[in-house]
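The structure appears right after this line, and notes come after that.
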Amino acid sequence: MLKQLEGSQGVAQAVALCRPEVVCAYPISPQTHIVEALGALCRKGVLKDCEYINVESEFAAMSVAIGASVAGARAYTATASQGLLFMVEAVYNASGLGLPIVMTVANRAIGAPINIWNDHSDSMSQRDSGWIQLFAETNQEAVDLHIQAFRIAEELSLPVMVCMDGFVLTHAFERMDIPSQEDVDAFLPPYEPRQVLDPDHPYSIGAMVGPEAFTEVRWLAHKRMLDALPAIEKASADFAERFGRKSGGLLDTYRMEDAEVCVLAMGSILGTIKDTVDEMREAGVRIGVLCLKSYRPFPDEAFREAVKSVKTLVVLERMVSAGSGGALYLDVLKAVRREPVELRSVIAGLGGRAVTKASLRAVFESACNGTLPDETVFLDLDRTLVEHQLAREAEQRHTGPVAESLNREVNERKILQGEEI
């Protein structure tokens, strides 16, 4: 059914259609509206046979989800930013125990300094945690990915993060096709856990493993993540057959038929990238877009196939690994290490900074004419601002926190320009 909804409301309705039996709720922007909406659905009786648990922290949310899953319940929670970091110990436990928990991560920057706006630093910080990570480009895809996520998680007995851009998607109102309960039930079978606490067949959960078997434990975890690649593709294909639209999978291509330059990205920024590429295509530029849907596991083989005819590949991402560069760039570097393709790395949209078509076009044109630097490029970096800070630090030992210094200079600029602070 077509509905005009806020992204968070659409996700909440999709999760409810999956019939979770335990929802663990702790609010943190920008995911709060999701768990609020699920609470309302439980209270009204729309979501039946579900225990909605208000917990005291994000760590508690994941801990309760672990307990529920081990007991045989279909479990769901949501978080963002500092909340995800607070539950990290339990995040690793969930994957290490092989529990099919589904969690929405409403992507938001990580402090300090405090920032509530969107980038991908939170979920990507957990890239080694053993969770499948699926990224939504649109709110419709966010709805669809949650339905697929429960099926993928329960088939593989692995936890799944569905990542959607905070505020850009979670708080945006748009038309979404919310499936019927009948169709979701046909796509998602009743939960039959691969492992469950059973008094008739007792065993330990979370036993200690010494050096004699720990390598093998980690090897098996690695293998299971690789085994998830065909399962993610199949879930997407089955979803398309049942619901009549393509969502999810490992990756999508856009205007790649004869592209010499390719831009790789994930999340909602793909919309602006596609618009920019459309304009460049009209001018005769052979450029295309590769839309990454599955960040973990990373689809090396499918990725190589998609870029086999590309001369230059621009990896554009919304996080930075300090001292290294873009984490996604490193995954791409590994995937194409034997391929004759020029790689370029661009960091954009950190902390919610707007990414405009004008800025993207300038970068893409530089990639096309071979002038984009072979080093990490920070899109729209205010070099005057950072150079003034570096000069202050060179001249003075006690300059105070960086955030305070930069804020002060930005505010002084606004005053000089007659803007409100």
Side-chain angles (χ1 to χ4, degrees), residues 107-109 115-121 135-139 164-169 171-172 174 252-256 258-292 310-320 325-326 328-329 332 342-389 406-407 409-411 413-414 416-420:
N107 289 116
R108 170 186 147 185
N115 180 292
I116 67 167
W117 292 275
N118 166 244
D119 65 27
H120 293 162
S121 54
F135 275 77
E137 179 180 345
T138 64
N139 274 328
M164 61 186 299
D165 286 347
F167 297 110
V168 179
L169 293 182
H171 287 56
E174 57 185 308
D252 277 339
T253 59
Y254 183 77
R255 308 201 73 165
M256 283 288 291
D258 62 347
E260 295 183 347
V261 174
C262 171
V263 181
L264 169 71
M266 54 189 184
S268 64
I269 197 174
L270 283 163
T272 309
I273 292 173
K274 289 177 179 178
D275 289 344
T276 307
V277 165
D278 284 342
E279 293 177 0
M280 295 179 70
R281 276 284 182 174
E282 290 176 5
V285 181
R286 294 167 65 180
I287 185 170
V289 187
L290 195 56
C291 314
L292 186 63
V310 169
K311 295 180 179 179
T312 303
L313 176 59
V314 179
V315 182
L316 193 146
E317 54 192 306
R318 303 190 70 169
M319 69 84 68
V320 59
L328 178 57
Y329 176 83
V332 172
E342 291 286 332
L343 289 183
R344 294 295 182 267
S345 175
V346 178
I347 308 295
L350 299 183
R353 176 168 290 186
V355 180
T356 66
K357 288 194 296 182
S359 294
L360 289 176
R361 182 159 188 156
V363 167
F364 299 164
E365 287 176 346
S366 294
C368 291
N369 61 33
T371 60
L372 190 62
D374 187 14
E375 60 186 30
T376 303
V377 174
F378 285 75
L379 190 68
D380 293 334
L381 177 69
D382 188 334
R383 293 199 171 273
T384 300
L385 195 61
V386 295
E387 286 169 2
H388 285 179
Q389 177 62 20
L406 297 187
N407 276 339
E409 182 165 343
V410 168
N411 288 336
R413 286 183 186 178
K414 289 182 178 180
L416 290 173
Q417 294 169 3
E419 300 178 22
E420 291 187 7

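Positions are given from 1, in the same order as the sequence printed here.
- Shortest non-hydrogen contact noted between Arg344 and Pro373 is CD-O, 3.2 Å.
- Nearest approach of Ser345 to Tyr329, heavy atoms of both residues: CB-CD1, 3.5 Å.
- Shortest non-hydrogen contact noted between Ala109 and Ser121 is CA-OG, 3.6 Å.
- By the side-chain contact (heavy atoms from CB on, under 4.5 Å) test, Leu381 pairs with Phe378, Arg383, Val386, sequence neighbours left out.
- Once rounded to the nearest 0.5 Å, the distance linking CG of Leu316 with CE of Met266 reads 10.5 Å.
- The shortest non-hydrogen separation linking Val314 to Ala367 is CG2-CB, 3.6 Å.
- Inter-residue side-chain proximity for Leu292 and Leu328 is flagged as met; some heavy-atom pair is nearer than 4.5 Å.
- If you take CG on Leu270 and CG on Asp252, they are separated by 9.0 Å, rounding to the nearest 0.5 Å.
- Checked against side-chain contact (heavy atoms from CB on, under 4.5 Å), Val355 has the following partners two or more places apart in sequence or in another chain: Ile269, Ala348, Leu360, Leu379.
- For His388, the ring-ring contact (aromatic ring centres under 6.0 Å, His included) test picks out no residue, with sequence neighbours left out.
- To the nearest 0.5 Å, atoms CE (Met319) and CG (Leu350) are separated by 9.0 Å.
- Taking every heavy atom of both residues into account, Phe135 and Gly267 meet most closely at CB-N, 4.4 Å.
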| said: Checking Asp165 against Arg318 for the side chain to side chain contact (heavy atoms under 4.5 Å, CB included) test, could you report, in this order, the C-alpha distance in whole Å, the side-chain angles of both residues, the deciding distance, and whether it holds? | reply: CA-CA 10 Å; Asp165 286 347; Arg318 303 190 70 169; 4.1 Å; yes
Which atom pairs, one a donor and one an acceptor, fall under 3.5 Å between side chains of residues 278-288 and the rest of the protein, sequence neighbours left out?
unit_1	atom_1	unit_2	atom_2	d
Asp278	OD1	Tyr254	OH	2.7
Asp278	OD1	Arg255	NH1	3.1
Asp278	OD2	Tyr254	OH	2.9
Glu279	OE2	Lys357	NZ	2.7
Arg281	NE	Ile287	O	2.8
Arg281	NH1	Asp258	OD1	2.7
Arg281	NH2	Arg255	O	2.8
Arg281	NH2	Asp258	OD1	2.9
Arg281	NH2	Ile287	O	3.3
Arg286	NE	Asp258	O	3.1
Arg286	NH1	Glu260	OE2	3.2
Arg286	NH2	Asp258	O	3.3

| request: Dump the intermediate steps for side chain to side chain contact (heavy atoms under 4.5 Å, CB included) on Ile347 and Glu317, then the final yes or no. | output: CA-CA 5 Å; Ile347 308 295; Glu317 54 192 306; 3.9 Å; yes
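- Taken from CG in Leu169 to CG in Asn139, the straight-line distance is 4.5 Å, to the nearest 0.5 Å.
- Each of Asn369, Thr312, Val261, Thr276 was evaluated against Phe364; a single residue qualifies, Thr276, per the side-chain contact (heavy atoms from CB on, under 4.5 Å) test.
- Between the CG atom of Asp382 and the CD atom of Gln389 there is a distance of 12.5 Å, given to the nearest 0.5 Å.
- Checking side-chain atoms of Asn115 against main-chain N and O of Gly351 turns up a donor-acceptor pair under 3.5 Å.
- With rounding to the nearest 0.5 angstrom, the OG atom of Ser268 is 8.5 Å from the CD atom of Glu137.
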| field | salt bridge (charged side-chain N to carboxylate O under 4.0 Å, His left out) evaluation trace for Arg108 with Asp119 | value | CA-CA 5 Å; Arg108 170 186 147 185; Asp119 65 27; over 6 Å; no
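- Not counting sequence neighbours, Asn407 has no partner by the side-chain contact (heavy atoms from CB on, under 4.5 Å) test.
- With a 6.0 Å radius and a threshold of 12 heavy atoms from other residues, nucleotides or ligands, Lys274 has its NZ atom above the threshold.
- Residues satisfying the salt bridge (Lys or Arg N to Asp or Glu O under 4.0 Å) criterion with Arg353, sequence neighbours excluded, are absent altogether.
- Atom CD of Glu342 sits in a sparse spot, with 12 or fewer heavy atoms from other residues, nucleotides or ligands closer than 6.0 Å.
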